Student: 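Can you keep this structure in mind? I'll have questions shortly.
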Amino acid sequence: MKVKVKICGLTTPEAVDAAVKGGATHVGFAFSRKPSAGRVTPEQAAELAARVPRHVRKVGVFFEQDSIFFMAAISAAKLHILQFNGIERPSGISGTAVWGVVPVRTARDLRAVKMWEGVADRVLYEFKPPDGAEPEPASATSGNWELLRGIKHPLPWALGGELDPANVAKAINLTGARMIDVSSGLESEPGIKDPGKISALLDVVHSL
């Protein structure tokens, strides 16, 4: 089974190198105007992106509407894809693929995929813990992945949220995902990806 993997929220050279060496098809940089946990500035992303070979797609993740900032990030990191979290696709962006994010806690949340039809090239279903749930390790949850069983997807899609080396095989087998997006489940501390966890997850995915 060939499953594409995006390792997201990369902030260190060691994490980028582990993702590339392990066979990730996509790497993601979460952008912020100021340095913060798990996010990078365009200047920081440019240094990290320089380590990424041409066959690996570079994804910029954005949380605020700012077309000028988008263009600066695209130019600095030579991004192939823009991923919008909690914001709509801005006007004036062309020549770059767009992914939209749909946060999922209940079946009703899946309806939000309609807002991305005709707008995005791919949608990312980002599973979240139920409202009011106590925080727990990603591997201790099932992410309500059963919600994706048997549904008709109007767009190419990826599975994200609450994935780590211990549960990724179950998630893929349960949903039939052909692409996954992994971030917090690979951290050694907030905002810092563990190269060992990155390698372990990619080994599991490639063994399926």
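Predicted, not measured: the structure shown is a model, and the values here were computed from it.
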Student: What's the separation between atom CG in Asp194 and atom CG in Leu186, rounded to the nearest 0.5 Å?
Tutor: 8.0 Å
Student: For Glu43, check side chain to side chain donor-acceptor pair (under 3.5 Å) against everything at least two apart and list the hits.
Tutor: Thr41
Student: Please find out if less than 6.0 Å separates the ring center of Phe84 from that of Phe70.
Tutor: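 Yes, ring centres under 6.0 Å apart.
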Student: Kindly give the heavy-atom pair with the smallest separation between Ala120 and Gly100, and that separation in Å.
Tutor: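 Smallest interatomic distance, heavy atoms only, reads CB-N, 3.9 Å.
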Student: Do Arg122 and Met179 have side chains that get closer than 4.5 Å, going by heavy atoms?
Tutor: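 They are in contact (side-chain heavy atoms under 4.5 Å apart), so the answer is yes.
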Student: Mind checking what makes side chain to side chain donor-acceptor pair (under 3.5 Å) contact with Asp66, not counting sequence neighbours?
Tutor: Arg33
Student: Can any side-chain N or O of Asn144 pair as donor or acceptor with the backbone N or O of Arg105 at less than 3.5 Å?
Tutor: yes
Student: Less than 4.5 Å apart, any side-chain heavy atom of Val205 and any of Val168?
Tutor: yes
Student: Same hydrophobic cluster for Val182 and Val16, using side-chain heavy-atom links shorter than 4.5 Å among ILVMFWY?
Tutor: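 Yes; tracing contacts between hydrophobic side chains, which count when under 4.5 Å, links both residues.
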Student: Kindly give the cluster partners of Ile192, where membership spreads through any ILVMFWY side chain lying under 4.5 Å from a current member.
Tutor: none
Student: Where is the tightest heavy-atom contact between Ala177 and Leu159, given as atom of each residue plus distance?
Tutor: CB-CB, 3.9 Å
Student: Nearest heavy-atom pair of Pro154 and Glu117: which atoms, and what distance?
Tutor: CB-CD, 3.7 Å
Student: Restricting to salt bridge (charged side-chain N to carboxylate O under 4.0 Å, His left out), what partner residues turn up for Arg51, sequence neighbours left out?
Tutor: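 In terms of salt bridge (charged side-chain N to carboxylate O under 4.0 Å, His left out), with neighbours along the sequence ignored, Arg51 is linked to Asp17.
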Student: Test: ring pair (Phe, Tyr, Trp, His ring centres under 6.0 Å). Region: residues 165-194. Which pairs qualify, not counting sequence neighbours?
Tutor: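 Matches after skipping sequence neighbours: none remain.
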Student: Are Leu163 and Ile7 connected in the hydrophobic side-chain network, where two residues link if heavy atoms are under 4.5 Å apart?
Tutor: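 Hydrophobic grouping puts Leu163 with Ile7.
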Student: Determine the minimum heavy-atom distance between Ala107 and Leu147, stating which atoms define it.
Tutor: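 Scanning both residues completely, I find the closest heavy atoms to be N-CD1, 3.8 Å.
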Student: Would you check if there is a donor-acceptor pair between the side chains of Asn85 and Gln83 at a distance under 3.5 Å?
Tutor: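 Note: Gln83 and Asn85 side chains meet the donor-acceptor criterion.
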Student: Would Val102 and Val104 satisfy side-chain contact (heavy atoms from CB on, under 4.5 Å), going step by step from the backbone distance to the final call?
Tutor: CA-CA 6 Å; Val102 176; Val104 179; 4.1 Å; yes
Student: Once you round to the nearest 0.5 Å, how far does NZ of Lys58 lie from CG of Leu82?
Tutor: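 Between Lys58 NZ and Leu82 CG, I get 12.5 Å after rounding to 0.5 Å.
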Student: To the nearest 0.5 angstrom, please state how far the NE2 atom of His153 sits from the CG atom of Leu155.
Tutor: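 It is 10.5 Å, given to the nearest 0.5 Å.
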Student: Show your reasoning for whether side-chain contact (heavy atoms from CB on, under 4.5 Å) applies to Arg178 and Lys4.
Tutor: CA-CA 6 Å; Arg178 291 296 178 266; Lys4 295 179 179 180; over 6 Å; no
Student: Count I, L, V, M, F, W, Y as connected when their side-chain heavy atoms are under 4.5 Å apart, and connections chain through other members. Are Leu48 and Ile81 then in the same cluster?
Tutor: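 Unlinked, Leu48 and Ile81 end up in two clusters.
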Student: Contact between Val59 and Lys6 at the side-chain level, heavy atoms closer than 4.5 Å - yes or no?
Tutor: yes
Student: Treating His80 as the side-chain partner and Arg57 as the backbone partner, does any N or O pair qualify as donor plus acceptor under 3.5 Å?
Tutor: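 It does not hold such a pair.
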Student: When you measure from the side chain of Asp164 to the backbone N and O of Asn167, does any donor-acceptor pair fall under 3.5 Å?
Tutor: yes
Student: Given the rule in the side-chain contact (heavy atoms from CB on, under 4.5 Å) test, do Val61 and Phe29 qualify, once you have shown the distances and angles that lead to the verdict?
Tutor: CA-CA 6 Å; Val61 183; Phe29 305 109; over 6 Å; no
Student: Between Phe31 and Phe69, how do the two ring planes meet: parallel, tilted or perpendicular, split at 30° and 60°?
Tutor: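 Perpendicular: the ring planes of Phe31 and Phe69 meet at over 60°.
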Student: Are Leu124 and Met115 connected in the hydrophobic side-chain network, where two residues link if heavy atoms are under 4.5 Å apart?
Tutor: no
Student: What do you reckon, are the aromatic ring centroids of Tyr125 and Trp157 less than 6.0 Å apart?
Tutor: yes
Student: Do Ile198 and Leu10 come within less than 4.5 Å of each other through their side chains, counting heavy atoms only?
Tutor: yes
Student: Give a yes or no answer on whether the side chain of Asp109 reaches the backbone of Thr106 with a donor-acceptor pair at less than 3.5 Å.
Tutor: yes
Student: Kindly indicate whether a cation-pi arrangement holds for Arg39 with Phe63, taking the cut-offs as under 6.0 Å to the six-membered ring centre and within 45° of the axis.
Tutor: yes
Student: Do Val3 and Val123 belong together in a cluster built from hydrophobic side chains that touch within less than 4.5 Å?
Tutor: yes
Student: Got a donor-acceptor contact below 3.5 angstrom from the Asp121 side chain to the Val98 backbone?
Tutor: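 Indeed, once roles are kept as given, a pair shorter than 3.5 Å links the two residues.
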Student: Flag the pair Lys193 / Thr11 as yes when at least one side-chain heavy-atom distance between them is below 4.5 Å, and no otherwise.
Tutor: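 The answer is no; the side chains never approach within 4.5 Å.
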Student: To the nearest 0.5 Å, what is the distance between CH2 (Trp145) and OG1 (Thr175)?
Tutor: 8.5 Å
Student: Which heavy atom of Glu187 sits nearest to which heavy atom of Gly191, and what is that distance?
Tutor: OE2-N, 3.2 Å
Student: Sub-3.5 Å donor-acceptor pair from the side chain of Ser75 to the main-chain atoms of Ala72, do we have one?
Tutor: no
Student: Specify the closest pair of heavy atoms between Leu208 and Ala169, including all atoms of both residues, with the distance to one decimal.
Tutor: CD2-CB, 3.9 Å
Student: Hey, mind stepping through Leu110 and Leu148 against side-chain contact (heavy atoms from CB on, under 4.5 Å) and telling me if it holds?
Tutor: CA-CA 9 Å; Leu110 295 172; Leu148 294 181; 3.9 Å; yes
Student: With rounding to the nearest 0.5 angstrom, report the CD to OG distance, Glu162 to Ser183.
Tutor: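 These two atoms lie 12.5 Å from each other.
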Student: Could you pull out all donor-acceptor pairs under 3.5 Å where a side-chain atom in residues 18-26 meets a protein atom, sequence neighbours excluded?
Tutor:
unit_1 : atom_1 : unit_2 : atom_2 : d
Thr25  : OG1    : Val5   : N      : 3.0
Thr25  : OG1    : Val5   : O      : 3.1

